[in-house]
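A quick write-up on the structure given underneath.
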Amino acid sequence: MEVASLYRRVLPSPPAVEFASAEGKRLFAEALQGGTMEGFFNLISYFQTQSEPAFCGLASLSVVLNALAIDPGRPWKGPWRWFDESMLDCCEPLHKVKAEGITFGKVVCLAHCAGARVQSFRADQTTIHDFRAHLARCASSQDCHLISSYHRSPFKQTGTGHFSPIGGYHAEKDMALILDVARFKYPPHWVPLTLLWDAMNTTDEATGLLRGFMLVSRRSSAPSLLYTVSCGDGSWKSMAKYCVEDVPNLLKDEGLDNVTTLLSRLVESLPANAGDLIKCVIEVRRKEEGGSSLSNEEKERLALKEKVLQQIRDTDLFRIVHELQYPKGLCDSCSFSRDEDSLAQIAATVCCQGAAFLSGNLVSRDGFCCRETCIKCIQANGDGLKTVISGTVVSKGNEQGVDLLLPTSSSETSLCNSNLRSKIVKYPSSTDVLTVLLLVLQPNTWLGIKDEKVKAEFQSLVSTDNLPDLLKQEILHLRRQLHYLAGCKGQESCQEPPSP
């Protein structure tokens with residue numbers, strides 16, 4: 001049955017005051033004079049309309065992340081790194097958000113995984129007076145933005161639950177400016193703050209919990225370069241159990257009388273999907289026709305990734321984990337099949353993801369088939385040759401060329417003029433991921449080791465004190481991400497734990 005189309009809605013006024021109306025302009029001018037519109041200008045500079053009817057939470061977060069100038073660390077389209085709704089696919093699959101919308105807790109989770117600092121408050125965890133103080137503070141600053149989760153009914157608007165950034169505050173009139181990301185429906189509008197509080201103090205039927213608001217700001221430290229924690233496929237739940245429950249229980253074993261035995265137990269008890277939790281951030285771009293050299297920025301970013309990868313492999317922890325996973329007696333061919341993740345499989349998977357992403361497919365890589373992959377080397381503006389995986393992806397009869405800029409360990413032999421079957425490619429492997437995971441776990445995890453000598457030796461191996469600055473920042477960022485996710489354990493009402 002065909003549904004009649006709609007062109008906007010009439011904004012119920014009162015209680016709302018349209019931003020572009022004469023009264024709305026007067027409220028803006030007075031609030032600007034009062035100093036509580038400082039956050040507005042960055043928000044409006046990066047304001048966008050949600051691209052799907054259920055993407056209000058994703059659109060609100062995209063606007064705020066871009067307004068805060070947080071670098072996503074991966075391309076959006078072409079060479080541009082930019083937060084878009086399609087980038088926010090970590091904590092909830094996009095196809096599920098498109099069909100069902102997204103909950104308050106999942107938006108908070110996404111903000112964390114995107115590298116922002118988040119303070120979240122449900123209506124029963126705070127008061128209207130605290131909300132007013134938080135809004136006034138954010139509206140007076142360019143470093144913090146407030147996203148509200150509310151129900152439309154108190155404003156006499158059609159629809160149910162909704163997310164939007166709050167663009168400003170008029171202290172004298174006690175009114176908040178909602179920058180509604182559903183611009184196809186309602187324009188930005190002023191509403192009484194007390195009414196906004198009532199709209200947030202409503203129950204989300206999907207979770208049975210009250211709605212609320214979140215304060216999103218930049219962290220003082222930089223995000224990771226090579227790895228990120230991903231919780232979109234559910235693997236993080238088993239890994240959270242492993243980190244929070246299994247490892248501490250394992251350490252109670254009296255038989256752990258040396259570091260090698262301890263690490264062997266840790267490796268053996270890892271969940272099968274452990275590698276899905278911490279993933280490598282790969283640079284994906286369309287295959288260029290006519291010119292394949294790297295830009296200066298691409299070269300610098302790739303060099304930093306390679307530096308982090310090499311620093312991981314220079315640690316004593318990596319050496320021991322590697323020897324445990326792959327004994328020296330293995331022949332080269334066996335070592336290749338077990339030591340490194342299958343590059344052909346990685347290339348095909350990521351090429352499909354890259355092609356789907358670059359073509360604007362926001363849901364999945366289904367329907368994308370990677371017909372072929374090959375390794376090539378391209379010139380990096382006078383800095384020698386860099387390794388690139390080049391793939392041809394087919395979807396609905398159309399071909400899309402995708403290049404993956406591949407971080408490789410600098411100590412390895414050049415891969416130029418090689419192919420997938422004749423060389424062992426030092427792509428970030430399962431050993432790298434396991435080493436990173438052990439470094440990322442909270443330092444107090446290891447306090448349960450019974451043998452004091454083993455405890456001291458192991459704590460020295462996993463300590464971040466003597467790590468190079470680049471790797472140390474990488475580990476600390478991942479530790480914050482994992483700390484938050486492990487603390488949530490899938491609970492919608494999770495709050496950010498104290499900084500590790």
Side-chain angles (χ1 to χ4, degrees), residues 224-227 229 239 242-243 246-248 250-251 253 255-270 274-275 277-280 303-330 332 334-336 338-341 407-413 424-483 500:
S224 56
L225 294 165
L226 184 59
Y227 292 105
V229 174
M239 282 303 298
Y242 173 79
C243 298
D246 297 349
V247 170
L250 183 151
L251 297 178
D253 190 341
L256 303 178
D257 54 0
N258 60 70
V259 167
T260 302
T261 302
L262 172 57
L263 279 173
S264 294
R265 297 282 181 85
L266 292 174
V267 171
E268 291 168 0
S269 60
L270 269 174
L277 178 68
I278 295 181
K279 297 183 177 180
C280 178
L304 286 174
K305 292 176 187 288
E306 292 173 345
K307 192 171 183 179
V308 170
L309 179 58
Q310 186 58 48
Q311 288 177 351
I312 293 169
R313 294 178 176 180
D314 286 341
T315 62
D316 291 335
L317 181 61
F318 176 88
R319 176 182 55 78
I320 297 173
V321 172
H322 188 274
E323 290 174 358
L324 282 172
Q325 286 188 297
Y326 316 110
K328 293 181 180 179
L330 290 175
D332 287 343
C334 295
S335 176
F336 171 68
R338 292 182 58 194
D339 185 10
E340 305 299 335
D341 298 340
T408 56
S409 175
S410 59
S411 63
E412 301 303 326
T413 305
I424 297 177
V425 178
K426 291 300 179 182
Y427 175 87
S429 67
S430 58
T431 310
D432 297 304
V433 172
L434 178 55
T435 303
V436 169
L437 177 61
L438 292 172
L439 290 171
V440 165
L441 290 180
Q442 290 298 308
N444 58 15
T445 302
W446 316 114
L447 296 179
I449 300 174
K450 300 294 185 182
D451 189 304
E452 292 298 325
K453 182 179 178 181
V454 175
K455 182 193 295 184
E457 185 178 351
F458 192 83
Q459 286 178 322
S460 177
L461 279 175
V462 297
S463 172
T464 60
D465 292 345
N466 297 320
L467 293 179
D469 286 344
L470 205 59
L471 178 56
K472 184 174 182 177
Q473 291 302 315
E474 184 92 354
I475 296 302
L476 292 178
H477 175 78
L478 292 171
R479 184 175 290 174
R480 283 192 298 269
Q481 284 186 302
L482 187 61
H483 189 51

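Here Tyr242 pairs with nothing under the ring-ring contact (aromatic ring centres under 6.0 Å, His included) rule; sequence neighbours left out. Every side chain to side chain contact (heavy atoms under 4.5 Å, CB included) that Asp451 has, sequence neighbours left out, goes to Lys453, Val454. Contacts of Lys455 classified as salt bridge (charged side-chain N to carboxylate O under 4.0 Å, His left out), with partners at least two apart in sequence or in another chain: Glu452.
Between atom CG of residue Asp314 and atom CD of residue Gln311 there is a gap of 7.5 Å, rounded to the nearest 0.5 Å. The CG atom of Asp246 sits 7.0 Å away from atom OG of Ser269, with the distance rounded to the nearest 0.5 Å. From Thr431, atom OG1 reaches atom CZ of Arg319 across 13.5 Å, with rounding to the nearest 0.5 Å. Taking CG from Asp316 and OG1 from Thr435, the interatomic distance works out to 11.0 Å, rounded to the nearest 0.5 Å. From Gln310, atom CD reaches atom OG1 of Thr315 across 10.0 Å, with rounding to the nearest 0.5 Å.
The two residues Asp432 and Arg313 make their nearest non-hydrogen contact at OD2-NH2, 2.7 Å. The two residues Leu251 and Thr445 make their nearest non-hydrogen contact at CD1-O, 3.1 Å. Taking both residues in full, the closest heavy atoms of Leu438 and Val321 are given as CD1-CG2, 4.1 Å, listed atom of the first, atom of the second, then distance. What you find for Phe318 and Ile312 is that their closest heavy atoms are CB-O, 3.2 Å.
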Apply side chain to side chain contact (heavy atoms under 4.5 Å, CB included) to the pair Leu441 and Val462, showing each step before the final yes or no.
CA-CA 9 Å; Leu441 290 180; Val462 297; over 6 Å; no
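A 4.5 Å side-chain heavy-atom check between Leu478 and Val436 finds at least one atom pair inside the cut-off.
Within the structure, ring pair (Phe, Tyr, Trp, His ring centres under 6.0 Å) pairs that include any residue of residues 441-461 comprise Trp446-Phe458 (at least two apart or interchain). Identified under the salt bridge (Lys or Arg N to Asp or Glu O under 4.0 Å) test for residues 433-449, with sequence neighbours left out: none.
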Side-chain donor-acceptor contacts of residues 256-268 below 3.5 Å, not counting sequence neighbours, with atom names and distances?
{"residue": "Asn258", "atom": "OD1", "partner": "Thr260", "partner atom": "N", "Å": "3.1"}
{"residue": "Asn258", "atom": "OD1", "partner": "Thr261", "partner atom": "N", "Å": "2.7"}
{"residue": "Asn258", "atom": "OD1", "partner": "Thr261", "partner atom": "OG1", "Å": "2.9"}
{"residue": "Asn258", "atom": "ND2", "partner": "Thr261", "partner atom": "OG1", "Å": "3.1"}
{"residue": "Ser264", "atom": "OG", "partner": "Thr260", "partner atom": "O", "Å": "2.8"}
{"residue": "Arg265", "atom": "NH1", "partner": "Asp253", "partner atom": "OD2", "Å": "2.6"}

Could you tabulate the donor-acceptor pairs under 3.5 Å formed by side-chain atoms of residues 463-471, not counting sequence neighbours?
{"residue": "Ser463", "atom": "OG", "partner": "Asp465", "partner atom": "N", "Å": "3.1"}
{"residue": "Ser463", "atom": "OG", "partner": "Asp465", "partner atom": "OD2", "Å": "3.4"}

